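Take a look at the structure set out below.
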Number of protein chains: 2
Amino acid sequence: MKSIFQSIQDFSQEELNLLDDLITFRTLKKGELLLTEDQVCNEIVFIKKGILRSFFMNHKGDEITNCFAFENEFMASFASFITQEKATENIQALTDVELQILDRKALEKLYKSGFNWQETGRKLTELEFVNLHNRMVSFQKLSGAERYQELYQNHQKYLQLIPLQYLASYLGITPRHLSRIRKAVIHA
Amino acid sequence: MKSIFQSIQDFSQEELNLLDDLITFRTLKKGELLLTEDQVCNEIVFIKKGILRSFFMNHKGDEITNCFAFENEFMASFASFITQEKATENIQALTDVELQILDRKALEKLYKSGFNWQETGRKLTELEFVNLHNRMVSFQKLSGAERYQELYQNHQKYLQLIPLQYLASYLGITPRHLSRIRKAVIHA
DNA sequence: TCTTTTACTGGACAAATGTCCTGAAATCTT
DNA sequence: AAGATTTCAGGACATTTGTCCAGTAAAAGA
């Protein structure tokens, strides 16, 4: 987590020490839930090892995967963290995971401790926004098949680790349809 | 614009005066473009009067409406503004519009002038993130018909002002399909 | 290792959505 | 106001995508 912050801002040793004091650690076994809907999300996690996914239910009760997060990425129900309303997503470990955790109080301490943290918070939020924007554009501009291919090209190494049913709902299609797409792509 | 900032933070009179000095004004006629793709977006506008939309092209050359913005809302190609890369969207006036403008330099001055602006910038970015998140969820969770109904319930007064072709691509469907949906909804 | 459970593929069919098009209505232009 | 242009609804048909399902493969549990 520290290196992400350092890549955004040139922090002093004292600032980084403060961060060290505020970070806590946690591990989860494959399948465990880090957050369930109806809880308020009060922590942002940074993945040292493993994969997380967040998902919610549609009106038919199917799980819909909202996003994945991999090593060296942050994860949270950001919407809930920001609004302090109940989350509408669950966060689950897809593998055994090792996490660093920054909770709301810790983050507020950082923000209060100085300008640099405040600015870093803004910039990270901006980057999350841009990521989400790109995902939104891919939903408006591309077909399910094209979204799959884009993902395949950019994150091939991760795809093997993700059950296809999760991938399908992440792409906005059914497993049946993803199966068709994969068959077509392999032949091409 | 000022009242939005005040609703987020308790600014002093001096702080607000600085803002006043930095805001500029602009009007556009219906149909005019505020930003075209391939330009870097260097300003955030606040709509005093009128409606804007942003749109991009798909691979077939159809315009796809990415978002609308109404009175008392901000608009920009935020992704371009943040990354300082070329925008992938165009921003167009759907009606005659009156705008307040905060450009990159002005915003940086605000950020440098103090903690409060820095924090407000972060919070506004957070709110934009939450909006986008909700839109993303509606794409994953709802059908085109359901998205239309949701929009109809929340923004009925604006819908009359938006050509249906723009609305259709905003909802991720074709005009033909939107026509079917509207027929079904009216009967229900 | 054996058994049980879960995940994946793909057939057959159904439903949703898109394409192409035409005539009518609304809007813009002069 | 008249004509030109754009927008819209909806028919007919095509394509895409979903539903349901069964057989097989893979993974988890004992």
Side-chain angles (χ1 to χ4, degrees), chain A residues 28-32 50-51 53 55 57-65 68 92-97 138-149 151-152 158-188, chain B residues 28-32 50-51 53 55 57-65 68 92-96 138-152 158-188:
Chain A
L28 292 176
K29 290 284 177 199
K30 176 172 179 174
E32 279 191 272
I51 305 178
R53 71 157 183 147
F55 67 95
M57 306 291 175
N58 67 10
H59 45 63
K60 275 183 291 185
D62 304 325
E63 290 183 2
I64 300 193
T65 296
F68 299 103
Q92 183 185 38
L94 280 194
T95 64
D96 291 358
V97 290
S138 82
F139 261 76
Q140 286 200 271
K141 193 182 246 177
L142 305 179
S143 66
E146 290 165 327
R147 281 197 294 281
Y148 175 76
Q149 293 194 55
L151 196 65
Y152 185 81
Y158 289 131
L159 288 203
Q160 279 90 0
L161 304 170
I162 298 175
L164 292 176
Q165 42 173 339
Y166 298 161
L167 199 58
S169 67
Y170 175 76
L171 293 169
I173 59 181
T174 58
R176 177 68 189 89
H177 190 50
L178 178 57
S179 168
R180 271 190 283 245
I181 289 168
R182 283 161 53 87
K183 186 168 192 179
V185 168
I186 287 162
H187 295 164
Chain B
L28 291 176
K29 290 283 176 198
K30 176 174 180 172
E32 278 190 273
I51 305 177
R53 71 158 182 146
F55 66 95
M57 305 292 173
N58 68 7
H59 45 61
K60 277 182 289 185
D62 304 325
E63 290 184 1
I64 300 192
T65 296
F68 299 104
Q92 184 184 39
L94 280 194
T95 63
D96 292 357
S138 82
F139 260 76
Q140 285 199 273
K141 192 182 248 179
L142 305 179
S143 66
E146 290 165 326
R147 282 196 294 284
Y148 174 76
Q149 293 193 53
E150 187 183 65
L151 197 64
Y152 185 82
Y158 289 131
L159 287 202
Q160 278 90 0
L161 304 170
I162 299 174
L164 292 177
Q165 42 174 338
Y166 297 161
L167 199 58
S169 67
Y170 176 76
L171 293 170
I173 60 180
T174 58
R176 178 67 188 88
H177 190 50
L178 178 56
S179 168
R180 272 190 280 246
I181 289 168
R182 283 161 51 86
K183 186 169 192 178
V185 168
I186 288 162
H187 294 167

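Below, chain A is the first sequence line, B the second, and so on; all start at residue 1. Computed from a prediction, not measured in an experiment: that's the story for all the values here.
At least one donor-acceptor pair under 3.5 Å links the side chain of A:D96 to the backbone N or O of A:K30. Counting only distance, with no hydrogens or angles, the side chain of A:E146 and the backbone of A:S143 share a donor-acceptor pair below 3.5 Å. Proximity of a side-chain donor or acceptor of A:T95 to a complementary backbone N or O of A:G50 within less than 3.5 Å is not detected.
Atom CD1 of B:I181 and atom P of D:dA9 are 12 Å apart (whole Å). Protein atom CD of A:Q165 is 17 Å distant from nucleotide atom P of C:dG10, rounded to whole Å. Nucleotide D:dT6 holds its C1' atom 15 Å from the CG atom of B:L94, rounded to whole Å. The CD1 atom of B:I173 sits 19 Å away from the P atom of D:dT16 (whole-angstrom rounding). A straight line from CG of A:L167 to P of C:dA7 spans 14 Å, rounded to a whole angstrom. To the nearest angstrom, C1' of D:dT17 lies 13 Å from CG of A:L178. A straight line from NE2 of A:H177 to P of C:dT17 spans 13 Å, rounded to a whole angstrom. When the P atom of C:dA7 is taken as reference, atom CD of A:Q160 falls 18 Å away, rounded to whole Å.
In terms of position on DNA chain D, the residue among B:P175 and A:T174 whose nearest nucleotide sits closer to the 5' end is B:P175. When each of B:D62 and B:K30 is assigned the nucleotide of DNA chain C bearing its nearest heavy atom, the one mapping closer to the 5' terminus is B:D62.
Ranking D:dA9, C:dC8, D:dT19 by closeness to the B:L164 side chain, first place goes to D:dA9. In the set D:dA9, C:dG18, C:dA12, D:dA9 carries the atom at the smallest distance from any side-chain atom of B:S179.
B:I162 is not listed as a side-chain neighbour of B:T65, based on a closest heavy-atom distance of 4.5 Å or more.
If you check distances only, the side chain of B:R176 does reach the base of D:dG11 with a donor-acceptor pair under 3.5 Å. Interface remark: the B:R182 side chain does not form any donor-acceptor pair with the D:dG10 base, using a distance-only criterion of under 3.5 Å.
Annotation: A:Y170 is in aromatic contact with A:F68 [ring centroid separation under 6.0 Å].
In terms of phosphate contacts, B:K183 brings no side-chain nitrogen or oxygen within less than 4.0 Å of OP1 or OP2 of D:dC8.
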